[in-house]
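Take a look at the structure below.
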Amino acid sequence: QANLFLTDYGSIKSGYSLLNISKTQQAFCLMLIAALAGTWIAMAVKILSIEVSAITVFFLTRIIVLLGFTPEFFKQGFALFKCQRPWLMILMSSLYAIAFTLYFQSLVMVPLSFASLFMNSAPLYIPLLAYFILNDHAVKSKVFWLGLSVSFIGILLIFMPTGTVHYSLLGMSLAFVSGIILAISQVLTKVLLKLETPRKVVLSQVTVSAILSGIPSMYLIFGQGDAHLYHLFELKTVFIILTTGICSWYYQVLRARAVQLASVSIVMPFGYMGVIFIGIVDAIFWNVMPDFISIMGMVLVILGVITLLRAN
């Protein structure tokens with residue numbers, strides 16, 4: 001899988017050279033592909049939720065992503081896992097695993113677009129968290145508080161029940177908390193990237209995620225009888241989980257590469273393309289259309305995050 005990715009990405013780079021497009025345009029294309037991959041991941045969890053638990057899907061996709069590191073493991077062995085601050089790496093990876101576990105569960109309980117919106121709003125909380133963890137003084141900016149205020153007004157509008165639309169408060173809360181926990185994980189990632197390579201950080205995230213999600217998944221897989229195992233090994237289920245694992249690999253790698261090509265403040269707003277794609281999927285396949293107040297809330301959240309990112 002790793003070799004396949006390198007071959008594909010080499011072809012993409014050659015295509016960029018022929019088209020003579022800028023690094024920002026390249027970053028946009030990579031974020032577009034990553035958004036499409038993220039859309040399929042959200043769809044897959046929703047489709048499989050009737051027969052397979054979200055935590056099981058998360059575990060199996062982490063195993064597939066780990067397979068992408070197999071060639072490097074054969075070359076380096078367990079030295080591949082060595083790092084300078086192991087406990088901080090484990091903490092960061094554990095928070096990452098918790099965040100995505102909550103996100104996967106929220107996908108089952110609320111419209112995909114809401115869950116995706118809250119998860120992609122992690123950059124909203126990073127400057128505030130960075131102030132306490134890294135002593136970063138970006139929070140002193142008036143623009144920061146403007147962006148934060150606009151986004152939180154949007155979040156309140158989304159949480160507000162209306163006469164026609166009522167969504168699971170627990171599901172919305174799980175999605176909201178997942179974004180905050182992911183933001184903490186990303187702040188710690190910033191610290192670790194001064195000492196470790198991005199690839200080692202990703203490996204740690206995936207490994208710890210597989211371990212933490214593996215325990216409850218094994219209980220569900222082997223504790224719910226033959227019927228659960230039958231559904232898990234159906235051809236449709238195997239195909240969806242396999243493609244979701246591959247999409248998870250590309251989602252992480254392409255977003256990381258996009259950040260290397262252009263400024264974070266330019267690249268990260270492109271991540272909201274995934275919210276748009278997922279909203280379209282929600283409307284077409286699940287006949288879910290947010291009401292006017294919810295749509296206004298989503299727009300305000302996106303505008304607030306973009307304002308904050310551009311300011312930083």
Side-chain angles (χ1 to χ4, degrees), residues 24 27-28 30-32 34-39 41-42 95-96 99-100 102-103 106-107 110-134 136-160 172-190 251-252 254-256 258-259 261-280 282 290 293-312:
T24 301
F28 170 79
L30 294 178
M31 289 296 286
L32 176 63
L36 291 170
T39 301
I41 294 168
L95 291 171
Y96 169 90
F100 271 91
L102 296 179
Y103 170 61
S106 70
L107 289 169
V110 298
L112 303 180
S113 52
F114 286 170
S116 176
L117 176 75
F118 286 133
M119 190 60 156
N120 278 282
S121 297
L124 180 67
Y125 319 110
I126 288 176
L128 193 60
L129 293 166
Y131 175 74
F132 293 102
I133 298 174
L134 305 178
D136 189 321
H137 294 282
V139 295
K140 295 183 178 180
S141 166
K142 293 181 180 179
V143 179
F144 163 78
W145 289 106
L146 173 64
L148 191 68
S149 301
V150 169
S151 288
F152 271 108
I153 291 172
I155 289 170
L156 290 175
L157 290 178
I158 294 172
F159 269 93
M160 182 186 301
M172 300 278 272
S173 300
L174 290 177
F176 177 69
V177 172
S178 73
I180 297 176
I181 295 176
L182 182 62
I184 300 173
S185 173
Q186 290 177 341
V187 172
L188 296 179
T189 299
K190 185 176 180 180
Y251 178 82
Q252 288 184 279
L254 293 179
R255 284 172 67 98
V259 171
L261 288 170
S263 168
V264 172
S265 62
I266 294 174
V267 170
M268 292 312 292
F270 293 151
Y272 282 104
M273 290 187 294
V275 178
I276 296 171
F277 295 152
I278 288 174
I280 294 171
D282 252 347
I293 292 179
S294 297
I295 292 174
M296 286 300 298
M298 294 171 73
V299 170
L300 288 176
V301 171
I302 294 172
L303 287 176
V305 174
I306 291 175
T307 299
L308 188 150
L309 287 170
R310 298 291 294 175
N312 288 333

Output for pair (F152 CZ, I155 CD1), nearest 0.5 Å, gives 5.0 Å
Donor-acceptor pairs under 3.5 angstrom involving side-chain atoms of residues 177-185: please list them, not counting sequence neighbours.
residue, atom, partner, partner atom, Å
S178, OG, A175, O, 2.5
S185, OG, M92, O, 3.2

Nearest 0.5 Å, what's the CG-CG distance between L102 and L107? 11.0 Å
Heavy-atom closest contact (D282 atom, L112 atom, distance): OD2-N, 2.8 Å
Using 0.5 Å steps for rounding, measure from the CD1 atom of I306 to the OG atom of S151. 9.5 Å
Taking side chain as C-beta onward, heavy atoms only, is V150 less than 4.5 Å from T307? no
Quick check for you: to the nearest 0.5 Å, what is the distance between M172 atom CE and I158 atom CD1? 6.5 Å
Separation of T39 OG1 from I278 CD1 (nearest 0.5 Å): 4.5 Å
Under 4.5 Å between any side-chain heavy atoms of Q186 and Y125, yes or no? no
Can you tell if the side chain of F114 reaches within under 4.5 Å of the side chain of S106, non-hydrogen atoms only? no
Let me have the donor-acceptor pairs involving side chains of residues 115-122, under 3.5 Å, with sequence neighbours excluded, atom names and distances please.
residue, atom, partner, partner atom, Å
S116, OG, N120, ND2, 3.2
N120, ND2, S116, O, 2.8
S121, OG, L117, O, 2.7
S121, OG, Y272, OH, 3.3

Would you name the heavy atoms of G279 and S113 that are closest together and state the gap between them? CA-CB, 3.9 Å
Once the angle between the rings of Y103 and F100 is folded into 0 to 90°, is it parallel (under 30°), tilted (30 to 60°) or perpendicular (over 60°)? perpendicular
